[in-house]
Visitor: 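Here it is: the structure, laid out below.
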Amino acid sequence: MRKKQKTMEELLEEALVPEGEQPYEVPGNWVWVKLKTINKDKKRNIDPKSFKDETFELYSVPSFPEGSPEFIKGDEIGSSKQLVNKDEILLCKINPRINRVWKVLNNHGKFRQLASTEWIVISENKAIYSEYLLYLLKSPYFRKLIRAC
């Protein structure tokens, strides 16, 4: 049986944060939305060991403090990863007390880009300015919310 597609009104109602739950007012052309509604892409998993001689640009939790991804051969990567694209936002899901939010850089197609599975990948969305989303996810307001989960 096919799942009934939701109407635009139903999708909008799911996405918008109810007025009573909005922490503060935003400009008239902005809206409060739930984070889960802006990230609809499916996981893009890859086993780098299948590409042992290929060099990857890897966004890992250990390389985060360095401020740049690792460049590493597939046969040196020990587990499955996620394919990522430039301008996607990475939100670390382990130890939320540590503020780890990263934006995938434009590498001009030199290497395929991967992220470890410790990251929630928030896909590029034309309706959302990625630099602002990066700022928001690093903000004290969001950090307080995520620590409460």
Side-chain angles (χ1 to χ4, degrees), residues 3 6 8 10-18 21-27 29-149:
K3 210 175 186 182
K6 295 180 180 179
M8 187 61 84
E10 290 170 325
L11 292 171
L12 186 59
E13 186 176 331
E14 282 180 11
L16 293 176
V17 174
E21 295 176 24
Q22 296 174 12
Y24 53 86
E25 194 173 327
V26 294
N29 60 340
W30 292 20
V31 292
W32 278 97
V33 295
K34 297 172 186 164
L35 187 57
K36 68 181 180 182
T37 63
I38 65 169
N39 196 30
K40 295 294 185 187
D41 274 1
K42 302 281 185 230
K43 296 257 187 234
R44 301 170 301 235
N45 291 334
I46 183 174
D47 182 0
K49 285 201 178 288
S50 299
F51 307 91
K52 62 182 182 175
D53 294 326
E54 183 176 347
T55 299
F56 292 95
E57 181 178 329
L58 175 62
Y59 289 81
S60 67
V61 173
S63 66
F64 178 80
E66 304 299 319
S68 63
E70 302 172 66
F71 293 89
I72 187 168
K73 293 273 188 194
D75 65 351
E76 297 175 44
I77 301 173
S79 61
S80 181
K81 303 295 178 212
Q82 309 173 73
L83 285 167
V84 293
N85 298 307
K86 83 173 188 71
D87 294 335
E88 289 182 321
I89 303 296
L90 307 176
L91 174 63
C92 191
K93 56 185 171 181
I94 57 173
N95 196 353
R97 289 181 300 283
I98 301 172
N99 194 347
R100 289 183 284 227
V101 184
W102 218 349
K103 182 178 175 184
V104 178
L105 304 171
N106 185 356
N107 73 4
H108 305 287
K110 292 179 184 173
F111 304 103
R112 282 200 283 178
Q113 296 172 302
L114 305 177
S116 58
T117 56
E118 289 89 3
W119 299 103
I120 296 168
V121 179
I122 303 171
S123 301
E124 182 185 11
N125 184 319
K126 300 291 183 215
I128 297 165
Y129 182 55
S130 63
E131 289 294 327
Y132 181 76
L133 183 59
L134 181 70
Y135 171 78
L136 173 69
L137 296 178
K138 288 181 175 184
S139 73
Y141 170 77
F142 182 78
R143 302 315 307 169
K144 183 178 177 183
L145 283 176
I146 199 168
R147 283 192 308 269
C149 294

Visitor: Side-chain contact test, heavy atoms from C-beta onward, threshold under 4.5 Å: evaluate it for Pro23 versus Trp32 and give yes or no.
Guide: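 Yes, side chains in contact.
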Visitor: Kindly give the heavy-atom pair with the smallest separation between Ala115 and Val84, and that separation in Å.
Guide: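 Closest approach of Ala115 to Val84, heavy atoms only: CB-CG1, 3.7 Å.
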Visitor: Identify which one of Leu133, Leu91, Asn99 satisfies the side-chain contact (heavy atoms from CB on, under 4.5 Å) criterion when paired with Phe142.
Guide: Leu91
Visitor: Measure the shortest side-chain to side-chain distance between Gln113 and Leu83 over non-hydrogen atoms and say whether it is less than 4.5 angstrom.
Guide: no
Visitor: Please give me the minimum heavy-atom distance between Ser79 and Pro48, naming the atom from each residue.
Guide: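 Minimum heavy-atom separation between Ser79 and Pro48: O-CD, 3.5 Å.
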Visitor: Output the distance between atom CH2 (Trp30) and atom OH (Tyr132), rounded to the nearest 0.5 Å.
Guide: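 Interatomic distance, Trp30 CH2 to Tyr132 OH, rounded to 0.5 Å: 4.5 Å.
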Visitor: So, taking the atom named CD in Gln82 and the one named CZ in Arg44, what distance separates them when rounded to the nearest 0.5 Å?
Guide: 8.0 Å
Visitor: For the residue pair Ser130 / Lys103, report whether a side-chain donor-acceptor contact shorter than 3.5 Å exists.
Guide: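 The answer is yes; a qualifying pair exists.
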Visitor: Nearest 0.5 Å please: distance from the CG atom of Leu16 over to the CD atom of Glu21.
Guide: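 Here the rounded value is 11.5 Å.
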Visitor: After noting the C-alpha distance and the side-chain angles of Glu118 and Arg100, does the key distance pass the side chain to side chain contact (heavy atoms under 4.5 Å, CB included) rule?
Guide: CA-CA 11 Å; Glu118 289 89 3; Arg100 289 183 284 227; over 6 Å; no
Visitor: Going through the distances and angles, do Val104 and Leu90 end up as a side chain to side chain contact (heavy atoms under 4.5 Å, CB included)?
Guide: CA-CA 7 Å; Val104 178; Leu90 307 176; 4.0 Å; yes
Visitor: Should Val121 and Ile89 be marked as a side chain to side chain contact (heavy atoms under 4.5 Å, CB included) after you check the CA-CA gap, both sets of side-chain angles, and the distance that decides it?
Guide: CA-CA 6 Å; Val121 179; Ile89 303 296; over 6 Å; no
Visitor: Report the residues that fulfil side-chain contact (heavy atoms from CB on, under 4.5 Å) with Lys52, sequence neighbours left out, ordered by chain and then residue number.
Guide: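 Once residues adjacent in sequence are excluded, the partners of Lys52 under the side-chain contact (heavy atoms from CB on, under 4.5 Å) criterion are Asp75.
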Visitor: What distance do Ile120 atom CD1 and Ile94 atom CD1 have between them, rounded to the nearest 0.5 Å?
Guide: 11.0 Å
Visitor: Taking the side chain as every heavy atom from C-beta outward, state whether Val17 and Val33 have any atom pair closer than 4.5 Å.
Guide: no
Visitor: Check for me whether Arg112 meets the cation-pi criterion with Phe51, that is, NZ or CZ under 6.0 Å from the six-membered ring centre and within 45 degrees of the ring axis.
Guide: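 The answer is yes, since Arg112 meets both limits relative to Phe51.
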Visitor: Backbone N or O of Ser63 within a donor-acceptor pair of the Glu66 side chain at under 3.5 Å?
Guide: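 Answer holds: no.
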Visitor: Identify the heavy atoms of Asn106 and Lys86 that sit nearest to each other, and give their distance.
Guide: CG-CD, 3.5 Å
Visitor: More than 12 foreign heavy atoms under 6.0 Å from NZ of Lys6: is that the case here?
Guide: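 Not more than 12 within 6.0 Å, no.
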Visitor: Which heavy atom of Ser60 sits nearest a heavy atom of Ser116, and at what distance?
Guide: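 It is CA-OG, 3.8 Å.
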Visitor: Compare all side-chain heavy atoms of Val61 with those of Cys92 and state whether any distance is below 4.5 angstrom.
Guide: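 Yes; the side chains approach each other to less than 4.5 Å.
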Visitor: Got a sec, which pairs hit ring pair (Phe, Tyr, Trp, His ring centres under 6.0 Å) with one end in residues 67-104, sequence neighbours left out?
Guide: Tyr59-Trp102, Phe64-Trp102, Phe71-Phe111, Trp102-Trp119
Visitor: Show your working on side chain to side chain contact (heavy atoms under 4.5 Å, CB included) between Asn45 and Lys81 and close with a plain yes or no.
Guide: CA-CA 6 Å; Asn45 291 334; Lys81 303 295 178 212; over 6 Å; no
Visitor: Give a yes or no on this: more than 12 heavy atoms of other residues, nucleotides or ligands lie within 6.0 Å of atom CD of Gln22.
Guide: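 For Gln22, atom CD is crowded (more than 12 foreign heavy atoms under 6.0 Å).
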Visitor: Taking C-beta and beyond as the side chain, do Leu114 and Glu70 meet within less than 4.5 Å on heavy atoms?
Guide: no
Visitor: Please report the shortest heavy-atom distance between Arg143 and Pro96, naming the atom on each side.
Guide: NH2-O, 2.9 Å
